[in-house]
Amino acid sequence: MIAKKSYSIPFIIWIIAGTLVPLASIAYYGFTSRDGGFTFANVLAMFRSDHLQALGLSLLLAVISTVICLIIAFPMAMVLRESKYGKQGFLIFVIILPMWMNFLLRTMAWQVLLERQGVINALISAVGLPRQEMMNTPGAIVLGMVYDFLPFMILPIYNTVSKIDEHLIEAAYDLGAGKAKVYSKIIFPLSVPGIVSGITMVFIPALTTFVISNMLGGGKINLIGNIIEQEFTINSNWYLGSGLSLVMMVFIIASMLILQRFDKTGGANLI
Amino acid sequence: MKKRAGKIYVLIVMLFLYLPILTLIVLSFNEVKSMSVWGGFSLKWYDELFHSRLMMGAIVNTFSIAILAALIATVVGTLAVLGMAAMKPRTQSALLGFNNIPMLNADIVTGIALMLFFLMVGVPRGYMTILFSHATFCIPYVILSVRPRVNRNTDRLYEAALDLGASERYAFRRIVLPELWPGITSGFLLSFTMSVDDFIITYFTRGAGINTISTLIYSEVKIGIRPSLFALSTIVFVVALAVLLVINVRKDKEDRADNALQAL
């Protein structure tokens, strides 16, 4: 045996101090009132109308941007699969590159494009059309989410799609299947693990973001992430912030469980 | 026909991904502080960027934290993998389950949890709390990349070396470490990039008065976008491009060397 169990001790301490105790402290604050007693009020505060509205909008925008990413990414993954090998390497490179750029800068780029005095409006008014209000709308936020998270959808789907055996597809055609059937019976079912991990990697950051909504929503549109962030940074009400975080975690865990049921192979590879 | 449709599709997606970045790059050379009017070529925003003491401090913080966090995570993670190899499968999978939590959890929750922890323990937030938090979310990536490299074969070779009279230290250095090395380096690099890229966890675990590149960008964008941020975008993009190119070329060379070896 190379190793002694004791080698894991720093790691175990780190898990306890860095993950378990901090999560427990969210639970502690979430069920504690300002005067120190036990309460459900912080968790139930999610049902306040402004909080519910923010949660609903977050879910809606996250679903919309996940679906858009999926619609763009799947054909992209198929094209990548079918293009020649060398070129494939180049195309993958081109998709990974934006992921290496700080996502705040990438989000800022859309601010520059969509602003009233921004690039797109300058082009619009140059053609003689009236300037559009594009910033601070839910649409701008969705655009930002799609832009930031699209590579995280393309890569896992490409990963599974590229491993589908060409012979399977040829066999299906030989046996008389049409294109639609090949997709619905072969390609789509076999790419489920990639789709599932792609959805996880887009949906959860989109659901919990406060940065994109802050930068492209101009602070006028509150998602649940914004509400929680403000409880911690502006209102300093950690009790309420923790309570709302707990409810949000329930949504995260629920969405993961639902997604895992679709992925029968278990543990899809992330990248 | 079908091929052409595919090419056009790729082109549209590429334009979507790169036009915003290209816009920032063009505007970074703009003489006037406008997002839509071209006032002539100028490097003055780069000058402003390099003379900003805040930005230089943030750059030093970002990279020193990334290197330290990646080092800590690599050491702790690699040791953990070795230690786990001696454990019962059930204990192993329990530990791996905990290990997955920071990777699967939303960053905002991880950030808030760590912030509350520091507040409860009474540690003032600053450089060290950021470093601790970054190591926390980097360790899982190291474990995931090193663990697949530990297998029964490593164990056998190691025992054989001991039987042949090697000291434990020598056998570890000559047998185990080379076997794990690819996993260790990719774990380190992954940690480094995750740390440089992080905003949300840093945002909650930093104290007032300390910035990384990400938190500085956020606070500056909130006040109002200055063209020096465009200059920063251009530099970040060019550096990312260069690093990825180097990695790709090296991988190409290795692949070719592998192929050549197999041909022999």
Side-chain angles (χ1 to χ4, degrees), chain A residues 1-8 10-11 14-15 18-23 25-26 29 72 75-76 79 82 91 93-94 96-98 100-106 108-113 115 117-119 121-122 147 204-205 208 210-211 215 225 228-229 232 238 241-242 245 248-249 252 256, chain B residues 6 9-10 13-14 16-17 20-21 23-24 27 35-36 76-77 79-80 82-87 95 98-99 101-102 104-106 108-109 112-117 120 132 135-136 139 154-155 158 172 176 193 197 199-200 204 213-214 217-218 221 225 229 232-233 236-237 240-241 244 248:
Chain A
M1 269 295 150
I2 305 168
K4 303 174 192 75
K5 286 180 192 170
S6 59
Y7 287 2
S8 295
F11 166 64
W14 214 291
I15 284 186
T19 304
L20 297 180
V21 175
L23 284 178
S25 56
I26 289 193
Y29 277 100
I72 300 177
M76 190 68 189
V79 174
E82 276 155 25
L91 285 177
F93 176 85
V94 175
I96 290 176
L97 180 56
W100 274 51
M101 208 168 133
N102 193 301
F103 87 106
L104 294 161
L105 293 175
R106 279 185 285 148
M108 180 188 77
W110 280 101
Q111 214 172 329
V112 171
L113 288 168
E115 202 90 58
Q117 301 300 327
V119 175
N121 265 326
Y147 184 69
I204 290 171
T208 58
F210 65 93
V211 180
M215 286 172 77
I228 292 175
E229 184 245 347
F232 281 97
W238 309 329
S242 301
S245 306
M248 192 174 72
M249 276 167 78
I252 297 171
M256 279 183 178
Chain B
Y9 187 70
V10 170
V13 174
M14 292 302 138
F16 174 64
L17 286 177
I21 299 175
T23 313
L24 293 184
L27 287 177
M35 295 184 194
S36 48
V76 174
L79 282 176
L82 288 174
M84 276 198 271
M87 291 176 187
L95 281 181
F98 290 128
N99 185 48
I101 295 177
L104 297 176
N105 213 340
I108 184 174
V109 177
I112 288 170
L114 283 161
M115 170 186 169
L116 284 175
F117 173 65
M120 277 203 330
F132 177 85
T136 304
I139 290 172
T154 331
D155 233 27
Y158 176 76
F172 182 81
V176 180
T193 45
D197 233 31
F199 165 71
I200 296 173
F204 286 108
I213 300 176
S214 295
I217 295 170
Y218 191 64
V221 166
I225 299 173
L229 284 179
L232 178 68
S233 309
V236 171
F237 181 76
L241 181 68
L244 272 178
N248 258 33

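Values reported hereafter were calculated over all heavy atoms of this structure, with side chains retained and with hydrogens, waters and symmetry mates removed. From a predicted model like this one, the values you see are computed outputs, not experimental measurements. Order of the sequence lines fixes the chain letters, A, B, ..., with proteins taken first and strands second; residue numbering starts at 1 for each chain.
- Taking B:Val13, B:Ile21, B:Leu79 one by one and counting their heavy-atom pairs under 4.5 Å with chain A, the maximum is reached by B:Leu79.
- The candidate from A:Gly241, A:Pro22, A:Ser6 with the greatest count of non-hydrogen atom pairs under 4.5 Å with chain B is A:Pro22.
- In this structure, A:Tyr7 contributes its side chain and B:Met84 its backbone to no donor-acceptor pair below 3.5 Å.
- Between A:Leu97 and B:Phe237, the closest side-chain pair of non-hydrogen atoms falls below 4.5 Å.
- Contacts of A:Ile15 with chain B are made by side-chain atoms alone, with heavy-atom separations under 4.5 Å and no backbone atom involved.
- In terms of the side chain to side chain donor-acceptor pair (under 3.5 Å) criterion, residue partners of A:Asn102 (sequence neighbours excluded) are, by chain and number, B:Ser214.
- In terms of heavy-atom pairs under 4.5 Å with chain B, the best-connected choice from A:Asn121, A:Val94, A:Thr19 is A:Val94.
- Under the 4.5 Å side-chain criterion, counting only non-hydrogen atoms from C-beta, B:Leu241 is not in contact with A:Trp100.
- In this structure, chain B has heavy atoms under 4.5 Å from both the backbone and the side chain of A:Tyr147.
- Note that CG of B:Leu229 and CE of A:Met108 are 5.0 Å apart. Values are rounded to the nearest 0.5 Å.
- Qualifying ring-ring contact (aromatic ring centres under 6.0 Å, His included) partners for A:Phe11, counting only residues two or more places apart in sequence or in other chains: none.
- Between A:Trp14 and B:Phe132, the gap from one ring centroid to the other is short of 6.0 Å.
- In this pair, B:Tyr218 and A:Phe210 present their aromatic rings perpendicular. The plane angle is above 60°, beyond the 30 to 60° band.
- Note that the CG atom of B:Leu116 and the OG atom of A:Ser242 stand 4.5 Å from one another [nearest 0.5 Å].
- Of the listed residues B:Ile101, B:Asp197, B:Leu27, B:Val109, the one with more heavy-atom pairs under 4.5 angstrom with chain A than any other is B:Val109.
- Of the inter-residue distances, the one linking B:Phe117 atom CZ with A:Ile26 atom CD1 reads 13.0 Å to the nearest 0.5 angstrom.
- Counting heavy-atom pairs closer than 4.5 Å to chain A, the top-ranked of the candidates B:Leu17, B:Val236, B:Leu114 is B:Leu17.
- Listed options B:Leu95, B:Leu232, B:Ile213, B:Ile200 were ranked by heavy-atom pairs under 4.5 angstrom with chain A; first place goes to B:Leu95.
- Each of A:Leu23, A:Ile204, A:Thr208 was checked for a side chain to side chain contact (heavy atoms under 4.5 Å, CB included) with B:Asn105, and the lone residue meeting it is A:Leu23.
- Only the side chain of B:Leu24 comes within contact range of chain A, with at least one heavy atom under 4.5 Å from a heavy atom of that chain.
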